[in-house]
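Proteins get letters first, then strands, A, B, ... in listed order; numbering begins at 1 in each. Given the structure is predicted, the values throughout are model-derived calculations rather than measurements. Just the heavy atoms: all of them, side chains too, but no hydrogens, waters or symmetry mates, feed the values below.
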Amino acid sequence: MTKQSKLGSFFQTNSKNAKSKQSPNEKELNGDEASPKIVDYLQLQSGTKGEILDSNLSSSTNTINVKDQNQNISDTKKNPMIIVPTNQTLNENQHKRKSARIVESDNSESEVEDEMKTKKIKYTQKESCVTQTKSPEIKQISISAKVQGIKDAKSEEKDSNGIYYSEICRMFEQVEQTTKRLEITDITAKYFFKMMSLGSDHLTKCVYLCVNQVAPEYKGIELGVGESLLLKAIASATGKNMTAVKEEVEKCGDLGLVAKNFRTNQRTLFPMPKLTINKVFDTFYEISTSTGASSQQKKVQKITSLLVSGSDIEAKFIIRSLEGKLRIGFAEKTVLTALAQASAFYHNAESKSNPDPEKMNKYSEILKHVYTQLPNYNILVEALFTHGVEKLPLVCKLVPGIPVKPMLAFPTKSVSEVLNRFKEIEFTCEYKYDGERIQIHKCEDGKVVSFSRNSENSTEKFYDILEKFEKFTNEGVSTFVIDAEVVAWDTQSQNILPFQVLSTRKRKDTKESEITVQVCLFVFDILYLNGESMLQKSLNDRRKILWESFKVSPGEFQFAEYKNLKEVDDIQIFLDQSIADNCEGLMVKVLNGEESSYEPSKRSRNWLKVLILVACIYLFIVKKDYLDGVGDSLDLVVIGGYTGKGKRTGVYGGFLLAVYDPDQEEYQAICKIGTGFSEANLKEFKEMFEKTKIEIPKSYYSFGEAEKPDVWFEPTQVSVERYI
DNA sequence: GTAGTCAAAACAC
DNA sequence: ATCGGACGAATTCGG
DNA sequence: CCGAATTCGTCCGATGTGTTTTGACTAC
C-alpha cells in the first residue's frame with residue numbers, strides 16, 4: 001500500500017464514522033501523541049493529479065494560496081511553496097492618475113431611473129399614478145389598489161416624504177429573529193406588499209435597501225465606504241474616541257451592533273426629524289456619487305448625520321447597509337422571492353392568507369429568472385407594477401448592453417467524481433482557462449461592451465481587444481452576447497500567461513501606449529444573437545452557432561479548446577494536457593437536451609469544473625511517519641489569531657501561519673487561513689490558543705504590518721479533532 | 001502647490 | 001475564490 | 001404503504017491572496 005492511499009483510506013474511514021466513536025485507525029494514531037504538545041501536521045500537497053483526491057478529502061481540507069510576492073509566477077503551479085520575504089514593492093504608476101467616471105449611455109432604461117438620478121424626487125400620490133404607462137386595464141387595477149393602499153398607509157407611520165425608515169428596520173429585526181427561510185420570505189413579502197401601495201419609487205428604494213445597493217451593479221456606482229470610514233462616523237456620531245469604538249468592535253464582532261450600543265442612552269437636545277426611506281436611500285446615493293478632494297470627510301459627515309437622526313436600531317442597520325451586508329439571513333434570492341410573492345398578492349392573484357405554494361414557487365422562479373437576465377431593480381419593479389409577475393418574461397428580456405448573470409460551475413476534485421455524476425449523460429470537456437470571466441455584448445447601436453463575472457462593466461479595461469471585434473465577427477451578425485474567458489497572452493511565445501499577469505492590467509484610464517499585457521479571448525458560449533436569445537438552446541447547438549458566427553484570430557480571439565470524451569483515461573489525458581497548456585483544469589458540461597441550456601447565475605451540476613489542487617493544508621492528528629515523503633510538505637505553526645466577526649464573534653475568525661526559517665532563525669509569517677473549519681473546530685481552537693496567548697510577538701517572528709494579528713500566540717503546532 | 005507615500009476600498013480569483 | 005451550516009424538498013429506509 | 005431517517009440542492013455568511021484605484025497625508 002502506498003503512503004498516499006493510506007492517507008486516503010484514513011480520511012475515508014473517518015468520514016464515514018459520523019458522530020460515532022473513533023475508528024480504530026484514528027485511535028491508534030491518537031494514542032501515540034499523548035505529549036502535552038499535540039503533534040500536528042500541515043501538509044502542502046501540490047500538483048497531485050487525481051489519485052489522492054479521489055478519496056473523500058473534500059470535507060477535511062483547508063485550501064490556501066501561498067504568497068508569491070516574488071512574482072515567480074510561472075513556477076507557482078508546480079512549486080507553490082516558494083517562500084519569500086514580504087517586501088512591498090512600490091507601484092511606479094501610482095502617481096499617474098486622474099479621476100474619471102465611466103459614463104454610460106442610458107438608452108434602454110426607464111424614465112423612473114432617470115428620475116431617480118435627479119435624487120430629489122419626492123413621493124406624491126399624483127406622481128405615483130402618473131408613472132403608470134401601458135396597458136389601460138392593468139393601470140386601472142393598479143391605481144385603485146393604490147388608492148386603497150394609501151388609505152391604509154395613513155394609519156402607518158408616514159409623512160409627506162414617505163414612509164419612515166424605522167419600519168423597514170422593524171422588518172429587518174423580525175427577519176433577524178429567525179433562521180427559517182420560509183418565515184423570512186413571508187415577513188419580507190408582507191412588508192413589500194405594504195410598500196407597493198406607495199408606488200414603485202418607494203418599493204424600488206425599499207428593495208435596494210434590502211439588497212444593499214443604490215443602483216444596478218453594472219452602473220459601477222460604489223459607496224466608497226469601508227470599515228475605516230464607518231468607524232470614524234460612529235466615533236463622531238456617538239462622541240466616543242476611536243480606541244473605545246475599536247474595543248467594542250472586538251467585543252461585538254459587528255460594527256452595526258457597536259453603533260447601536262453606543263447610540264443607546266444618547267439623547268439629542270432637539271428632537272430630530274424621523275428618518276424616512278427616501279432620506280436614507282437618497283443619502284446613500286449621495287455618498288456613492290461624491291468623489292474628489294475631501295469627499296471622504298463629506299461621506300463621514302453624511303453618515304454621522306444619519307446616525308444622529310436615527311434611533312439605535314436604525315443606526316445598526318444604517319451601518320450594516322453601508323458595510324454592504326445586512327447579515328440577517330436574507331440576500332438577493334430571498335428578496336426576489338419575497339418580491340414575487342408581494343406582487344402576487346398585489347395583483348390579487350393569490351390571497352394573502354392562503355397562498356398556493358406551488359404557484360408562489362412558480363412566481364418566484366419567474367422573477368429570479370427574469371432578474372438574472374435583466375439585473376436592474378428599477379426596471380423590474382416598475383414592470384412588476386404594470387404587468388404583474390406572470391407577464392414579466394414577455395416584457396423584461398435579455399438585452400445587449402445589460403449583463404446577464406453568468407452561469408457557474410460546480411467544483412469537483414477528480415475525474416471519477418465527474419463520471420459518477422454524468423453516468424449515462426452525453427457531455428463535453430473544455431479547457432478551463434486561467435483568466436477572468438468576461439461577457440461581451442454587441443448592442444443595437446453597434447457598440448461593443450463587456451462585463452465581468454460580477455456584472456461590473458469592464459469595457460474600459462479591455463477596450464483594446466473589444467475594438468477589434470469587427471475582425472472577429474462574420475457577416476450577418478448584428479447583435480450578440482457571448483461568454484468567454486480573457487487571459488493574458490504572451491505574443492512572443494504564443495502562450496497563455498497566468499492570472500497574476502492579467503491582473504496587473506490597468507482598469508481605468510487605459511491608454512494604448514501603456515498597455516503592457518496583451519490579452520486573448522477564449523470564447524465558449526453564446527447567449528444571444530441577432531435579437532434572439534440562445535439560452536434555451538442546447539450547448540451543442542449554441543456551440544455550433546458560436547463557431548458559425550465568429551472567426552478565430554490567433555492570439556486575440558479563439559474558441560475554448562474542447563473534446564467530447566467518454567472514457568476516464570481520455571479525460572485524464574485531456575486534463576493533464578490542459579495543465580500542460582497553462583490552464584486551470586477542465587470544465588465538463590452536459591452537451592445535449594434540456595439540461596444543457598444556459599442557466600444564468602446558477603451554479604449548476606450541469607457544469608462541473610475539475611481543478612488541480614494547488615496547495616492544501618490537512619490538519620489532523622497523525623503520526624508523522626505516515627506522511628513522511630508524501631509529496632512536498634511543510635511544517636507550519638500558528639503564531640496569531642484574528643478576532644472573528646459576525647457569527648464567529650467570540651472565537652478566532654482566522655489564524656496567521658508561519659514557517660521556520662533556519663537561516664534567519666525566525667518564524668516567518670507565510671499566510672492566513674480562515675475557512676475549512678467547523679464550528680466545533682473554531683471553539684476548540686479558541687480554548688486551545690487561550691493558553692498560549694502572549695501579549696507581544698516574539699522577537700523571532702517576522703511579519704508584515706498588514707497581516708498583524710489581533711492576538712499573538714506561542715509558536716504552536718496545531719491539531720484538529722475531526723468532527724465529520 | 002507638487003510629488004511621493006500610504007492606507008482604504010473595490011474587484012478579480 | 002473556498003467552505004460549513006441551516007433549511008426545505010426529495011428520496012430512501014424500515015417496520 | 002406510511003412515517004422516519006437520510007441525502008441533496010440552495011442560499012447565506014464566514015474567511016483567503018493579490019492587484020489597481022483613489023483620497024489623505026507629508027515633505028519639500
Test log, rule ring pair (Phe, Tyr, Trp, His ring centres under 6.0 Å), inputs Y433(A) and F524(A)
CA-CA 11 Å; Y433(A) 293 89; F524(A) 54 82; 8.5 Å; no
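- Computed from coordinates, the L336(A) CG to dC11(D) P distance equals 10 Å when rounded to whole Å.
- Using a 4.0 Å heavy-atom cutoff across all strands shown, R327(A) reaches sugar-phosphate atoms only and no base atom.
- Taking atom C1' on both nucleotides, dA10(B) is separated from dA1(C) by 16 Å, rounded to a whole Å.
- In this structure, L223(A) CG and E323(A) CD are separated by 11.5 Å, a value rounded to the nearest 0.5 Å.
- Contact annotation for K368(A): backbone-only contact, meaning every heavy-atom pair under 4.0 Å involves sugar-phosphate atoms and none involves a base.
- Here the P atom of nucleotide dT2(C) and the CZ atom of F655(A) are 21 Å apart, to the nearest Å.
- For NZ of K602(A), the number of neighbouring non-hydrogen atoms (other residues, nucleotides, ligands) closer than 6.0 Å is 12 at most.
- Residues E679(A) and P411(A) both approach DNA chain C. Their nearest nucleotides, taken by heavy-atom distance, put P411(A) toward the 5′ side.
- Following rounding to the nearest Å, E599(A) (CD) and dC11(D) (P) show an atom-to-atom distance of 12 Å.
- Across all strands shown, G226(A) has heavy atoms under 4.0 Å from sugar-phosphate atoms exclusively, and none from any base.
- One interatomic measurement links the two molecules: CD of E436(A) to P of dT20(D), which rounds to 12 Å at whole-angstrom precision.
- When rounded to the nearest whole Å, the span between CD of E323(A) and C1' of dA14(D) equals 13 Å.
- Atom CZ in F330(A) sits about 17 Å away from atom P in dC7(C), given to the nearest Å.
- Each of Y642(A), F677(A), Y652(A) was evaluated against F685(A); a single residue qualifies, F677(A), per the ring-ring contact (aromatic ring centres under 6.0 Å, His included) test.
- Residue contacts for K325(A): at a heavy-atom cut-off of 4.0 Å it reaches no nucleic acid atom on any strand shown.
- Using a 4.0 Å heavy-atom distance criterion, L502(A) is classed as making no nucleic acid contact.
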